[in-house]
Amino acid sequence: MHRCLWLGLLIITTCASSIASVELPAPSLRRAVLSERERQLRESLKRAAEYSDLPHLSTRSRCEDTRPPQALTTPDPFLIPGEAGMRVKVSFIIGADGRVRAPLILQSGGPAGDRNVLQTVRTWRYRPATCNGVPTEAEGRIEFSRR
């Protein structure tokens with residue numbers, strides 16, 4: 001009985017002394033680390049976008065009055081902080097209803113970054129491109145890169 005009690009007391013004191021010897025960083029150091037991570041996350045992304053009409057074989061008339069799509073809501077995707085020169089290129093179709101369809105990664109920034117970019121791009125909304133005043137589909141390409 002005394003052996004079990006003695007063994008239990010030994011284990012408890014060993015655990016307590018090992019926990020006490022762990023040093024936690026000072027609060028000011030933790031704040032500095034968190035501030036740096038927040039700064040990295042807040043860095044704005046650089047965007048380069050281009051749009052082009054999609055040729056339709058069934059369309060006989062030519063467009064005399066063509067207007068490109070106009071962005072309504074295009075929030076920046078969350079990119080996991082990585083290397084400074086990271087780039088993600090995406091191609092997508094802007095439908096006649098202004099919704100993004102078929103986003104495709106052309107240049108990858110890693111699995112997690114690609115997933116976040118695709119999820120965000122699918123939520124974007126546009127005023128669709130027009131051909132002679134009629135809404136039509138257009139292709140969009142965009143590149144995200146760290147500044």
Side-chain angles (χ1 to χ4, degrees), residues 7-8 10-147:
L7 184 58
L10 180 63
I11 291 173
I12 290 172
T13 55
T14 305
C15 291
S17 65
S18 65
I19 291 172
S21 66
V22 174
E23 293 181 22
L24 296 175
S28 61
L29 180 61
R30 284 190 300 222
R31 263 186 257 120
V33 170
L34 287 176
S35 296
E36 176 62 24
R37 288 189 67 201
E38 286 175 355
R39 186 192 62 76
Q40 289 175 346
L41 293 175
R42 274 186 274 145
E43 281 182 347
S44 62
L45 297 173
K46 181 179 174 187
R47 291 187 183 190
E50 57 187 62
Y51 304 101
S52 59
D53 294 329
L54 292 176
H56 294 283
L57 299 175
S58 63
T59 306
R60 298 278 184 222
S61 66
R62 299 294 256 166
C63 292
E64 281 118 29
D65 182 24
T66 304
R67 296 187 186 207
Q70 295 175 347
L72 297 176
T73 58
T74 57
D76 284 333
F78 173 73
L79 292 181
I80 297 170
E83 55 190 57
M86 184 173 92
R87 292 182 179 193
V88 179
K89 289 184 184 179
V90 183
S91 174
F92 52 91
I93 306 296
I94 301 167
D97 60 354
R99 294 179 181 266
V100 171
R101 295 190 196 134
L104 175 70
I105 298 290
L106 300 176
Q107 182 176 346
S108 177
D114 292 351
R115 183 176 52 250
N116 291 335
V117 167
L118 289 175
Q119 286 174 347
T120 303
V121 168
R122 284 186 185 106
T123 66
W124 288 2
R125 298 294 179 261
Y126 287 85
R127 182 168 292 124
T130 58
C131 172
N132 295 332
V134 177
T136 185
E137 292 182 336
E139 179 185 12
R141 290 182 187 204
I142 193 159
E143 176 182 314
F144 298 100
S145 61
R146 289 270 177 210
R147 291 184 186 191

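Numbers here are sequence positions counted from 1.
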With a sphere of 6.0 Å drawn around CZ of R99, does it hold more than 12 non-hydrogen atoms of other residues, nucleotides or ligands?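 Count not over threshold, so no.
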Is it the case that more than 12 heavy atoms not belonging to R101 sit under 6.0 Å from its CZ atom?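 Yes.
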What's the separation between atom [atom1] in [X] and atom [atom2] in [Y], rounded to the nearest 0.5 Å?
X    : Y    : atom1 : atom2 : result
E143 : R87  : CD    : CZ    : 4.5 Å
N116 : F144 : CG    : CZ    : 11.5 Å
R67  : R127 : CZ    : CZ    : 11.0 Å

Shortest non-hydrogen separation from [X] to [Y] and the atoms involved:
X    : Y    : result
A138 : A129 : CB-CB, 3.9 Å
S91  : E139 : OG-OE2, 3.0 Å
A96  : P128 : O-CG, 3.2 Å

With K89 as reference, evaluate I142, L104, V117, L106 under the side chain to side chain contact (heavy atoms under 4.5 Å, CB included) test and give the passing residue.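 The residue from I142, L104, V117, L106 that satisfies side chain to side chain contact (heavy atoms under 4.5 Å, CB included) with K89 turns out to be L106.
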Reference residue Y126; test side chain to side chain contact (heavy atoms under 4.5 Å, CB included); the match among T73, L72, T74: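 The single option meeting the side chain to side chain contact (heavy atoms under 4.5 Å, CB included) with Y126 is T74.
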Does P103 have any side-chain contact (heavy atoms from CB on, under 4.5 Å) partners at least two apart in sequence or in another chain, and if so, which?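 For P103 the side-chain contact (heavy atoms from CB on, under 4.5 Å) partners, ignoring immediate neighbours, are V90, F92, L118, V121, R122.
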Can you check whether N132's main-chain N or O pairs, donor with acceptor, with T130's side chain at less than 3.5 Å?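 No, the answer is negative, given that no donor and acceptor are paired below the 3.5 Å cut-off.
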Close side-chain approach of Q119 and P77, heavy atoms under 4.5 Å: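 Result no, sub-4.5 Å side-chain heavy-atom pair not found.
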Less than 4.5 Å apart, side chain to side chain, heavy atoms only: is that true for V88 and I105?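 Yes, side chains in contact.
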